[in-house]
Amino acid sequence: MTSSSADNAGGVHAAGNQPPRTDSGGADSAGGITDAGGTVGTADGPPPEEIRAIPVRHPGRWLAALVCMVLAAQFVHMLLTNPAFQWDFMFDNMFTEPVLIGVRTTLLLTVLAMLIGIVLGILAAVMRLSGNPVLATLAWLYTWVFRAVPRLVLAVLFGNIAILYGTIEFGIPFDHYWMPLLGLEGEARIFGIETRTYLRGFTAGLLALALSEGAYMAEIVRAGLQSVDRGQTEAAQALGLRRSTILRRITLPQALRVIIPPTGNETVAMLKDTALVAYVPVTTELFFQLNNIGARTFNLFPMLVAACLWYLAITSLFMIGQYFLERSFHQGERGTTVPTN
Amino acid sequence: MPVAHGHPEATPSSENMVVAERVYKRFGRLPVLQGIDLRVRRGEVMCVMGPSGSGKSTFLRCVNHLEKINAGRLWVDGQLMGYRQKGGKLYELHDREVAAQRRNIGMVFQNFNLFPHMSVLGNVVEAPLQARGRRGGTRSQIQQHALELLDRVGLANKARAYPRQLSGGQQQRVAIARALAMNPALMLFDEPTSALDPELVGDVLDVMRDLASEGMTMIVVTHEVGFAREVADSFVFMDEGVVVESGAPREVLGNPQHERTRSFLSKVL
């Protein structure tokens with residue numbers, strides 16, 4: 001770029017003096033280029049030599065790399081010399097049994113909450129697009145409420161759900177009103193569960209996270225379904241497929257291409273949000289455990305670093321999984337873009 | 001399904017495959033069809049032409065109830081499309097019943113609309129496999145039939161390919177095979193060659209010509225004048241939501257009576 005015209009000329013000549021694989025004298029082909037002018041003479045004579053220009057220089061990149069390297073060196077130096085890190089202490093405590101149980105709980109919560117969330121999301125998205133006004137409104141209300149309330153608040157709320165319901169019973173609704181009218185006594189209830197026994201700790205936390213996730217997934221799935229060309233639905237209708245079949249066989253499979261990447265994002269976000277269930281409370285969760293060790297030993301900072309490293313490690317694991325998932329999914333899509341629409 | 005005998009003076013006779021009576025359709029406040037009266041006999045090939053926005057595609061989509069008409073009546077194979085008429089009242093048909101009616105009608109789209117996530121064979125067997133409970137036939141019988149259809153359109157060797165690996169003309173021929181898989185009594189073609197490179201048009205028209213010679217009832221919206229003149233039994237020219245002129249293709253194409261038809265054909269021919 002910045003080299004003088006003499007340099008440029010030199011470059012061209014140098015390239016001309018070392019013809020690549022094409023034999024035939026360099027002078028000959030160079031002459032061909034200038035002489036050919038407007039005529040197209042590809043049939044006779046060898047093709048012109050390949051272009052070997054000197055690349056544009058990027059001094060800015062070198063400068064940026066230098067600055068980054070200095071900053072990185074400073075950071076590593078700080079990691080090694082700052083006594084607050086106490087690496088030995090951190091590594092000694094990072095893999096103790098309570099922490100590993102915490103890792104297990106966190107992983108379990110993430111996977112289960114995402115699975116339930118995805119199912120809820122598909123359900124809500126289909127309801128939203130169903131054309132049934134009652135179901136569509138219901139789905140909209142669900143999305144509205146659960147996207148509005150922070151996960152932290154949901155976690156605390158579900159931890160205290162026993163205040164609202166001592167037991168949750170299943171049966172025919174409003175039995176206290178209609179049974180006396182019919183002259184009957186007792187209750188029309190089939191079975192009940194003790195909220196205090198079952199809907200607490202892990203289950204309550206899982207429910208809070210899954211319901212919240214379902215609301216986000218509903219929007220992702222809806223966007224995916226709407227991204228599928230309308231012609232696909234019409235072609236399927238014209239073939240005499242029923243609406244439910246069209247969704248299952250035609251629209252949803254094509255929507256997955258759009259749904260999968262943001263779902264990976266959601267999974268990573270969920271992994272981090274599992275820390276919130278400490279407020280349910282769920283004491284076996286990863287961050288709670290690490291924080292606990294820090295508080296007990298009055299040595300908090302190394303445990304916070306340990307938390308960062310654990311989350312980083314698990315997220316990396318998820319990213320590898322997502323990479324393979326997307327790759328296997330795109331196997332059917334590889335090649336040029338689909339020319340159908 | 002019982003034959004709808006709603007209209008005493010215009011009972012759809014068995015010789016007619018399609019009967020349209022004063023069909024009106026509007027999108028919002030925009031009128032698109034303003035009283036279409038058409039009859040297509042069994043085994044007839046009807047070509048429909050007209051400027052864009054004349055309502056010809058919309059009419060085709062009304063025939064298989066992809067669009068609901070606002071007024072008038074439309075029968076296909078003796079059945080009122082999309083409704084059941086009982087005691088002077090119209091009852092909307094359930095999704096399941098409309099689907100059953102559509103299985104009797106094949107449709108081919110301008111943009112092919114093949115399912116990109118299924119192989120060519122998968123595209124063709126999808127509808128028969130889903131309808132298996134009602135029509136019978138084992139999976140292998142259905143596959144065999146699908147392969148025969150693909151052979152008929154000259155693409156038996158592409159059964160395992162995916163739509164994106166095919167040229168436009170090949171995709172459209174697969175779409176025709178897919179539409180034939182349910183053994184429909186009527187085929188609708190919505191500008192089947194308009195999205196194709198000129199040199200690929202011929203193969204698709206050849207397949208349609210074969211189909212016509214085998215006695216298939218067809219309504220073809222097209223700008224291929226040569227095809228219309230050679231293959232069609234009747235020709236319809238539409239403009240602004242009405243049938244301007246109709247008759248034998250040679251007469252209408254050779255000696256158009258209306259000014260509108262004349263000016264349009266002078267640009268197409």
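Residue numbers begin at 1 in each chain, while the letters A, B, ... track the order of the sequences. Every value quoted in this text rests on a predicted model; they were computed, and no experiment measured them.
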Give the minimum heavy-atom separation between [X] and [Y], together with the two atoms involved.
{"X": "A/Ile250", "Y": "B/Met118", "result": "CD1-CE, 3.8 Å"}
{"X": "B/Phe109", "Y": "A/Ala235", "result": "CE1-CA, 3.6 Å"}
{"X": "B/Arg103", "Y": "A/Gly240", "result": "NE-O, 3.2 Å"}
{"X": "B/Arg102", "Y": "A/Gln237", "result": "CD-O, 2.9 Å"}
{"X": "A/Leu241", "Y": "B/Ala99", "result": "O-CB, 4.2 Å"}

Answer yes or no: does atom [atom1] of [X] have more than 12 heavy-atom neighbours from other residues, nucleotides or ligands under 6.0 Å?
{"X": "A/Trp178", "atom1": "CH2", "answer": "yes"}
{"X": "B/Arg139", "atom1": "CZ", "answer": "no"}
{"X": "B/Phe27", "atom1": "CZ", "answer": "yes"}
{"X": "B/Glu214", "atom1": "CD", "answer": "yes"}
{"X": "A/Ile51", "atom1": "CD1", "answer": "no"}

Donor-acceptor contact present, side-chain B/His117 to main-chain A/Arg249, <3.5 Å: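 Side chain of B/His117 to backbone of A/Arg249, a donor-acceptor pair under 3.5 Å: yes, one is there.
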Main-chain N/O of B/Asn113 paired with A/Glu234 side-chain donor or acceptor, under 3.5 Å: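 Side chain of A/Glu234 to backbone of B/Asn113, a donor-acceptor pair under 3.5 Å: no, none is there.
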Rounded distance [0.5 Å steps], CG in B/Asp95 versus CZ in A/Arg242: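 Rounded to the nearest 0.5 Å, the CG-CZ separation comes out at 5.5 Å.
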Part of B/Arg178 lying under 4.5 Å from any heavy atom of chain A: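 When you check distances to chain A, atoms from both the backbone and side chain of B/Arg178 fall under 4.5 Å.
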Under 4.5 Å from a heavy atom of chain A, the part of B/Leu66 involved: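 Side chain of B/Leu66 only, per the 4.5 Å heavy-atom cut-off to chain A.
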Derivation and outcome, side chain to side chain contact (heavy atoms under 4.5 Å, CB included), residues A/Leu239 and B/Glu126: CA-CA 9 Å; A/Leu239 283 172; B/Glu126 181 62 20; 5.5 Å; no
